[in-house]
Chemist: 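Provided herewith is a single structure, encoded as structure tokens, for subsequent inquiry.
For reference, positions follow the sequence shown, starting with 1.
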Amino acid sequence: MPEPWWRTGPQDVHRIEDRVSSLYVERCHIDRDDNAIVLINKARIVHVPAAYLAVLLIGPGSRITHAAVTLLADSATSVCWVGEQGVRLYASGLSTARGSQLQLRQAWLVTRPKERVAVARRMYDLRFPGEDTSALTLQQLRGREGTRVRKLYAHHSERTGVPWTKREYKAGDAFAAGDDVNRLLSAANSALYGICHAVITGIGASPALGFVHTGSALSFVLDIADLYKAEFTIPLAFDLTAKGLTTERDARTALRDAVVEHKLLARIVTDIKQLLVPDGGHLPETESSGLWDEGESVVSAGRNWSDPFSTDHHIDVIPPTPEKEDDKERGANE
């Protein structure tokens with residue numbers, strides 16, 4: 001059976017952990033030239049291999065062609081349109097994953113309370129390395145996380161000399177409230193969400209099926225991003241503020257450099273798989289393309305399952321023919 005016309009072959013894409021984490025563009029025209037996207041502005045023309053990008057951030061003043069979007073989708077590169085004030089709309093193309101096994105596993109875990117609590121506990125364990133959290137309830141774990149974050153803010157404020165009062169954020173307008181360090185935190189966190197979203201979709205998991213967060217199309221993105229804020233975005237925001245680097249671009253480029261330096265993409269892939277398939281479990285990555293047959297059974301697709309030797313018995317139901325007016329009159333006269 002030939003491959004569908006829309007499917008990118010595995011030789012055409014690169015594993016998500018081997019890609020450049022993100023590329024931000026603004027005030028330019030984005031087009032396609034063979035397997036590269038072309039960035040054009042008044043100053044220069046730049047060619048970027050699409051398959052090497054995890055996520056493309058498209059800023060204000062940009063336009064993109066249908067051909068470029070098609071290439072990015074076929075290359076499993078996530079595309080984020082970045083609006084004014086740092087508000088982002090996420091969209092993604094085809095995943096590099098060829099099967100749905102990881103997403104089915106995620107759905108199985110999130111719909112069973114006992115297994116869901118176990119995954120949530122593993123997430124908290126990643127935040128408290130070396131601590132025994134097995135006896136703590138989820139409410140106690142949330143409280144401990146809140147205390148830890150407050151201490152982190154106070155520690156980095158003392159370390160850098162940047163004043164800190166509280167975290168301020170206005171939903172839907174990340175930069176409308178707060179001081180410089182708050183605005184940098186919002187900018188860095190938004191970029192981190194985009195990177196985590198690209199990894200999650202890239203390995204075939206669902207960004208919506210969260211374990212700690214719930215009710216959002218990005219619940220699992222928020223779950224995964226929270227694992228790295230204490231190490232990446234919080235100290236980064238204080239360091240940049242202390243240096244007087246207070247623009248969104250400063251936060252985004254500094255986070256991008258940190259992601260490359262600490263190989264965060266590969267780490268996110270490993271952490272997600274450990275959360276969903278712990279203890280060295282393995283899920284096949286190939287696409288089975290079968291038909292569900294109740295329970296755990298799957299039968300092959302692409303064939304006619306009717307019995308060629310059976311005799312079909314059927315009843316033809318013929319509705320009554322509407323009477324004509326002449327027939328009605330004739331019946332009345334008789």
Chemist: Would you mind reporting whether Ile37 and Asp31 have side-chain heavy atoms less than 4.5 Å apart?
Modeler: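 When only atoms from C-beta onward are counted, Ile37 and Asp31 do not touch, as no gap falls below 4.5 Å.
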Chemist: Once you round to the nearest 0.5 Å, how far does CG of Leu264 lie from OG1 of Thr270?
Modeler: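 Nearest 0.5 Å value for the CG-OG1 distance: 10.5 Å.
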Chemist: If hydrophobic clusters are built from ILVMFWY residues whose side chains come within less than 4.5 Å, do Leu222 and Val119 share one?
Modeler: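 Per the 4.5 Å side-chain linkage, Leu222 and Val119 are co-clustered.
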Chemist: Test your reading of the model: is there a side-chain donor-acceptor pair from Arg116 to the backbone of Thr111, 3.5 Å cut-off?
Modeler: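 Checked: no pair found.
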Chemist: For residues Tyr124 and Ile268: do they belong to one hydrophobic cluster (side chain heavy atoms under 4.5 Å, members Ile, Leu, Val, Met, Phe, Trp, Tyr)?
Modeler: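 Yes, Tyr124 connects to Ile268 through the hydrophobic network.
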Chemist: With a cut-off of 6.0 Å (strictly less than), are more than 12 heavy atoms of other residues, nucleotides or ligands near CD of Glu131?
Modeler: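 Check passes, neighbour count above 12.
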Chemist: Without swapping roles, check the side chain of Thr253 against the backbone of Arg249 for a donor-acceptor pair under 3.5 Å.
Modeler: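 The answer is yes, because a donor-acceptor pair under 3.5 Å joins these two groups.
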Chemist: Evaluate the criterion side-chain contact (heavy atoms from CB on, under 4.5 Å) for residue pair Ile234 and Glu231; output intermediate values, then yes/no.
Modeler: CA-CA 7 Å; Ile234 293 177; Glu231 182 180 349; over 6 Å; no
Chemist: So among Leu126, Asp125, Asp223, which one has a side-chain contact (heavy atoms from CB on, under 4.5 Å) with Leu275?
Modeler: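 Exactly one candidate clears the test, Leu126.
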Chemist: Below 4.5 Å, heavy atoms only, C-beta onward: do Val212 and Asp226 meet side chain to side chain?
Modeler: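 Not touching, per the 4.5 Å side-chain cut-off.
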Chemist: Give a yes or no on whether the backbone of Thr165 and the side-chain of Asp179 come within a donor-acceptor separation of less than 3.5 Å.
Modeler: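 Flag not set: sc Asp179 to bb Thr165 has no pair under 3.5 Å.
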Chemist: Got Gln106 and Phe220 here, is their nearest side-chain heavy-atom distance under 4.5 Å?
Modeler: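 The answer is yes, as the side chains (C-beta and beyond) meet within the 4.5 Å cut-off.
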Chemist: What are the two closest non-hydrogen atoms of Ala191 and Arg252, and how far apart are they?
Modeler: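 Closest approach of Ala191 to Arg252: CB-CG, 4.4 Å.
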Chemist: Could you please spell out the steps behind the side-chain hydrogen bond (donor to acceptor under 3.5 Å, both in side chains) verdict for Thr133 and Arg127?
Modeler: CA-CA 11 Å; Thr133 61; Arg127 305 183 199 184; over 6 Å; no
Chemist: Atom CG of Asn35 and atom OG of Ser75: how far apart are they, to the nearest 0.5 Å?
Modeler: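 Going from the CG atom of Asn35 to the OG atom of Ser75 covers 6.5 Å.
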Chemist: Same cluster for Phe211 and Leu104 if Ile/Leu/Val/Met/Phe/Trp/Tyr side chains link at under 4.5 Å?
Modeler: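 Hydrophobic grouping puts Phe211 apart from Leu104.
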Chemist: First locate atom CG of Leu71, then atom OG1 of Thr65, and finally report the distance between them rounded to the nearest 0.5 Å.
Modeler: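 Leu71 CG to Thr65 OG1: 9.0 Å, rounded to 0.5 Å.
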Chemist: State, without any angle test, whether Asp180 and Thr241 hold a side-chain donor-acceptor pair at a distance under 3.5 Å.
Modeler: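 Not at all, the side chains of Asp180 and Thr241 share no donor-acceptor pair under 3.5 Å.
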Chemist: Between Ala188 and Ala251, what is the shortest heavy-atom contact and its length?
Modeler: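 Closest heavy-atom pair between Ala188 and Ala251: N-CB, 4.0 Å.
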Chemist: Just wondering, are more than 12 heavy atoms of other shown residues or ligands nearer than 6.0 Å to CZ in Arg112?
Modeler: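 Correct, the count exceeds 12.
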Chemist: How long is the span from the CG atom in Leu209 to the OG1 atom in Thr214, to the nearest 0.5 Å?
Modeler: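 So the gap between those two atoms works out to 9.0 Å.
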Chemist: For residues Thr247 and Arg183, determine if any side-chain heavy atom of one lies less than 4.5 Å from a side-chain heavy atom of the other.
Modeler: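 The answer is no, as the side chains (C-beta and beyond) never meet within the 4.5 Å cut-off.
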Chemist: Without swapping roles, check the side chain of Arg32 against the backbone of Asp34 for a donor-acceptor pair under 3.5 Å.
Modeler: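 Indeed, once roles are kept as given, a pair shorter than 3.5 Å links the two residues.
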Chemist: The test is side-chain contact (heavy atoms from CB on, under 4.5 Å); show your working for Leu141 and Met123 and say whether it passes.
Modeler: CA-CA 10 Å; Leu141 287 168; Met123 288 182 174; over 6 Å; no
Chemist: Donor-acceptor check, side chain of Asp132 to backbone of Ser134, threshold 3.5 angstrom: yes or no?
Modeler: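 Judged by distance alone, yes, a pair lies under 3.5 Å.
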Chemist: side-chain contact (heavy atoms from CB on, under 4.5 Å), that's the test. Do Val259 and Ile195 meet it? Break it down for me.
Modeler: CA-CA 9 Å; Val259 166; Ile195 292 169; 4.0 Å; yes
Chemist: Any side-chain heavy atom of Leu276 sitting closer than 4.5 Å to one from Leu109?
Modeler: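 Yes - at least one pair of side-chain heavy atoms lies under 4.5 Å apart.
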Chemist: Any chance you could lay out the side-chain contact (heavy atoms from CB on, under 4.5 Å) test for Val38 and Ile30, step after step, and finish with the verdict?
Modeler: CA-CA 6 Å; Val38 186; Ile30 306 169; over 6 Å; no
Chemist: If every non-hydrogen atom of Leu236 is compared with every non-hydrogen atom of Leu255, which pair is closest and at what distance?
Modeler: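 Taking Leu236 first and Leu255 second, the nearest heavy atoms are CD1-N, 3.4 Å.
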Chemist: Under 6.0 Å from the CZ atom of Arg148, do we count more than 12 heavy atoms belonging to anything else shown?
Modeler: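 Above 12, so yes.
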Chemist: Ignoring hydrogens, what is the shortest heavy-atom contact between Ala50 and Thr77? Give both atom names and the distance.
Modeler: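 Shortest heavy-atom contact: O-OG1, 3.0 Å.
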Chemist: For the residue pair Asn41 and Arg44, establish whether any side-chain heavy-atom pair is separated by less than 4.5 Å.
Modeler: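 They are in contact (side-chain heavy atoms under 4.5 Å apart), so the answer is yes.
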Chemist: What distance do Ile224 atom CD1 and Ser219 atom OG have between them, rounded to the nearest 0.5 Å?
Modeler: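 Separation between the atoms: 11.5 Å.
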Chemist: For the residue pair Pro235 and Phe238, establish whether any side-chain heavy-atom pair is separated by less than 4.5 Å.
Modeler: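 Not touching, per the 4.5 Å side-chain cut-off.
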Chemist: Could you pull out the closest heavy-atom pair between Glu26 and Pro60, with the gap in Å?
Modeler: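 Of all heavy-atom pairs spanning Glu26 and Pro60, the closest is CB-O, 3.6 Å.
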Chemist: Mind listing the closest non-hydrogen atom pair of Ile200 and Val221 along with its distance?
Modeler: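 Looks like CD1-CA, 3.7 Å.
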Chemist: Are side-chain N/O atoms of Arg167 and Ser186 paired as donor and acceptor at under 3.5 Å?
Modeler: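 Checked: Arg167/Ser186 side chains pair up, N/O donor to acceptor below 3.5 Å.
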Chemist: If two hydrophobic side chains count as joined below 4.5 Å and joins carry through other members, does Val277 share a cluster with Val199?
Modeler: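 Same cluster.
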Chemist: So do Cys28 and Ile40 actually touch side chain to side chain, heavy atoms under 4.5 Å?
Modeler: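 Not in contact.
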Chemist: Below 30° counts as parallel, above 60° as perpendicular, anything between as tilted: where do the rings of Tyr228 and Phe232 land?
Modeler: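 It falls in the perpendicular class, over 60°.
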Chemist: Flag yes if Ile45 and Leu39 sit in one hydrophobic cluster, no otherwise; membership is Ile, Leu, Val, Met, Phe, Trp, Tyr, and two members link when side-chain heavy atoms are under 4.5 Å apart.
Modeler: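 Result: no, two separate clusters.
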Chemist: So, taking the atom named CG in Leu23 and the one named CG in Leu53, what distance separates them when rounded to the nearest 0.5 Å?
Modeler: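 These two atoms lie 5.5 Å from each other.
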Chemist: Please evaluate residues Lys243 and Asp250 with respect to the criterion salt bridge (Lys or Arg N to Asp or Glu O under 4.0 Å), reporting the C-alpha separation (whole Å), side-chain torsions for both, the decisive distance (0.1 Å), and the verdict.
Modeler: CA-CA 11 Å; Lys243 297 175 183 177; Asp250 294 327; over 6 Å; no
